[in-house]
Asker: 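A single structure is presented below for examination.
Keep in mind that the numbers below use all heavy atoms, side chains included, and drop hydrogens, waters and symmetry copies. Each residue takes its place number in the sequence, starting with 1.
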Amino acid sequence: MKLLEALYLVNNSLNGPIPPAIGNMTALQQLLLENNNLNGTIPPEIGNMTALQELDLRNNQLEGEIPATISLLQNLNYLALGTNKFTGAIPIDLGHRQPLETIGLANNSFFGELPQSLCKSFALEALVLNNNNFSGTLPPCIQNCSNLYYVRLGQNNLSGDIRQVLGVHTNLTVLDVSENQLSGTLPSTFCSYTSLQILDLSNNNISGELPSCWWNLQDLQFMDLSRNAFSVKLPTSKNDIYSLKLLHLASNNFEGDFPFVIRKCKNLITLDLGGNRYYSMIPSWLGVRNPMLRFLRLRSNMFYGNIPRRLSRLSYLQLLDLADNNLTGSIPTGFGNMTSMMHQNKEQFIISVDKSASYPYFNRIHVNWKGHDGIFQREVALVTGIDLSSNFLSGEIPTELSNLQGLKFVNLSRNHLSGGIPKDIGNLTFLESLDLSVNQLSGPIPSSITNLMSLSSLNLSSNNLSGEIPKGNQLQTLDDPSIYGNNSGLCGFPLSITCPNNSSSVSAFNKQKEYHKDLEDLWLCYWVVAGFIFGLWLWLGGLIFFKTWRMAIFGYMDRLKNIVM
């Protein structure tokens with residue numbers, strides 16, 4: 001088939017290697033084999049296909065290195081090898097002779113430095129290299145690729161100054177350089193990226209302040225600057241911001257009051273300010289001005305004061321993380337009305353950018369789950385929980401929280417909460433993790449806790465709980481005694497303390513309290529009797545030793561006798 005110009009075999013179940021004889025198809029311009037089960041290596045004979053313009057081998061099981069002969073394809077403008085098992089370095093002269101517009105090598109095991117000639121033609125529009133092991137600095141020619149609209153370089157070991165990467169790219173819609181070792185400050189040209197929709201600079205060493213023109217990027221939907229060294233405050237904005245939906249600023253050096261610019265973000269879905277130096281009260285307008293919020297993470301700052309009751313108006317909220325702050329007061333009872341926490345959430349939020357629908361961008365959130373930090377991305381829709389741990393909250397746990405049947409985790413540990421565990425805690429049928437440790441909770445553990453069939457992590461230690469530990473169902477699998485440690489009144493499995501008479505109604509602790517109460521009543525009786533005797537002797541002593549008292553009393557009795565007779 002030497003005259004064939006296009007071969008489309010996409011989205012099938014083809015397997016086996018690519019035959020070397022494919023090199024005889026010297027007239028072929030488009031070879032699209034993506035989404036199959038092909039294995040083996042790319043045959044070096046591919047270098048004979050000198051008319052080839054588009055080569056798409058994505059989503060197969062291909063392995064080995066890219067053959068050096070691929071650099072002979074002088075008409076190649078589209079190269080997509082993503083999501084395979086390729087390894088090795090990129091041919092050093094790739095891009096030297098080719099007018100490459102799209103390079104997609106994501107989700108492989110490539111390593112080494114990128115060829116300096118990769119974008120020599122300056123025709124590059126899309127560069128997708130994420131999730132590999134590339135190192136070194138980026139080719140400086142990238143700065144001069146004015147047609148760039150899609151750049152994903154995340155999850156590599158690239159280094160150097162961020163200013164050496166970014167030039168004037170007015171068409172840029174996606175910029176992802178996350179999880180590298182880039183440093184420096186953002187260049188002034190950054191504000192020219194007026195088409196930018198997705199920006200991910202997370203997990204680098206970028207520092208300094210954000211440009212004052214930051215919010216002029218009116219198309220921006222996703223912004224992640226977390227885990228860098230940005231400092232001072234966020235720039236303000238005079239206008240409302242409608243496009244921004246996902247904002248991640250965690251683990252930087254931002255400081256001062258809660259950023260007022262958040263009030264302008266009308267359609268914000270995710271807000272993560274965790275791990276900064278914010279020092280203020282949490283504004284009550286957050287529950288009114290940002291009605292679309294689903295994920296609110298403010299942990300590990302220095303926020304103080306009461307939790308705003310207006311947060312309960314966030315009907316879409318499914319994650320509330322205010323842990324590790326200086327919050328005081330009680331937990332608002334209105335939290336029991338948060339609609340989105342009353343049922344399981346399965347709706348996935350995906351951002352698809354024009355011209356790159358095949359590379360969707362998923363929402364993600366950093367969550368402390370069952371005592372471990374983790375990032376949820378594709379599963380973020382399933383994350384529903386409340387974390388108010390490590391604050392100074394007091395009062396009782398609102399019984400209304402039992403209405404939130406969609407909760408997957410609840411962490412109220414390390415506060416000053418008192419009273420009992422809500423008796424209807426068993427209504428939280430999807431709950432997987434419950435931590436109420438290090439509080440002042442008292443009373444028995446509600447028997448309804450045995451209804452939590454999905455529970456796999458439980459901590460009730462360091463409280464004043466009493467009675468026999470409930471038995472049955474999933475609770476029997478949680479057999480670590482430390483779960484109930486430092487509760488002097490608890491007994492039963494898995495503790496080594498046996499309940500008296502195997503009774504679940506009266507604990508040893510309760511009996512001890514009753515004994516002390518009886519002893520107090522007995523002593524009260526003793527004091528009453530002693531007081532009566534002392535008063536009687538005092539009265540009789542007065543009659544004996546004081547003649548005037550005695551004459552007055554006897555005279556009164558004589559007069560009373562005459563009146564009666």
Side-chain angles (χ1 to χ4, degrees), residues 148-151 162-163 165-178 184-202 204 206-278 280 282-283 285-298 301 314 349 351 353-354 361 363-365:
L148 264 179
Y149 74 89
Y150 197 90
V151 177
I162 186 73
R163 289 171 293 186
V165 179
L166 303 176
V168 179
H169 312 293
T170 55
N171 298 323
L172 195 63
T173 58
V174 174
L175 176 60
D176 178 0
V177 295
S178 62
T185 59
L186 295 179
S188 57
T189 57
F190 199 90
C191 293
S192 66
Y193 304 158
T194 54
S195 300
L196 199 62
Q197 297 182 39
I198 293 176
L199 174 64
D200 193 347
L201 307 180
S202 62
N204 281 284
I206 306 171
S207 58
E209 300 182 33
L210 300 184
S212 58
C213 58
W214 189 265
W215 302 113
N216 293 342
L217 307 178
Q218 288 293 316
D219 292 332
L220 198 62
Q221 297 184 55
F222 177 101
M223 181 169 72
D224 192 344
L225 309 182
S226 57
R227 286 168 285 283
N228 277 286
F230 290 109
S231 59
V232 196
K233 298 180 180 182
L234 291 181
T236 58
S237 174
K238 296 180 180 179
N239 303 317
D240 289 337
I241 303 167
Y242 292 99
S243 61
L244 190 63
K245 296 178 176 65
L246 313 175
L247 179 59
H248 299 264
L249 303 175
S251 301
N252 280 283
N253 297 317
F254 292 116
E255 59 187 25
D257 293 340
F258 193 97
F260 189 78
V261 71
I262 303 300
R263 187 186 178 104
K264 302 282 188 177
C265 302
K266 302 298 185 180
N267 294 315
L268 205 59
I269 292 175
T270 297
L271 175 61
D272 187 354
L273 303 180
N276 281 287
R277 300 175 181 175
Y278 286 116
S280 70
I282 299 174
W285 52 254
L286 192 61
V288 179
R289 295 286 184 171
N290 305 97
M292 306 303 293
L293 271 176
R294 292 176 60 182
F295 304 94
L296 178 59
R297 185 176 182 269
L298 306 179
N301 279 279
L314 297 172
F349 185 80
I351 298 178
V353 180
D354 296 340
Y361 222 82
N363 186 17
R364 60 172 176 255
I365 194 68

Asker: Could you tell me whether the side chain of Thr185 reaches within less than 4.5 Å of the side chain of Ser207, counting heavy atoms only?
Answerer: yes
Asker: Is there side-chain contact between Leu271 and Cys265, with heavy atoms separated by less than 4.5 Å?
Answerer: no
Asker: Can you confirm whether the side chains of Asp200 and Ser202 place a donor and an acceptor under 3.5 Å from each other?
Answerer: yes
Asker: Just by modelled atom types, is the Asn276 backbone N or O under 3.5 Å from a matching donor or acceptor in the Asn301 side chain?
Answerer: yes
Asker: CZ of Arg289: more than 12 outside heavy atoms within 6.0 angstrom?
Answerer: no
Asker: Taking the side chain as C-beta and beyond, is there a heavy-atom pair between Trp215 and Pro235 under 4.5 Å?
Answerer: yes
Asker: Do the rings of Phe190 and Trp214 sit parallel, tilted or perpendicular, given the 30° and 60° boundaries?
Answerer: parallel
Asker: Taking Ser243 for its side chain and Gln218 for its backbone only, find out whether a donor-acceptor pair lies under 3.5 Å.
Answerer: yes
Asker: Verify, without hydrogens or angle tests, whether Asn228 (side chain) and Phe230 (backbone) share a donor-acceptor contact under 3.5 angstrom.
Answerer: no
Asker: Determine whether a donor-acceptor pair (N or O, by modelled atom type, separation under 3.5 Å) exists between the side chain of Asn252 and the backbone of Phe254.
Answerer: no
Asker: Provide the closest heavy-atom pair for Thr194 versus Asp219 in the form atom of the first, atom of the second, distance.
Answerer: O-OD2, 3.3 Å
Asker: For the side-chain contact (heavy atoms from CB on, under 4.5 Å) test, which of Leu296, Leu244, Leu247, Leu246 pairs with Thr270?
Answerer: Leu246
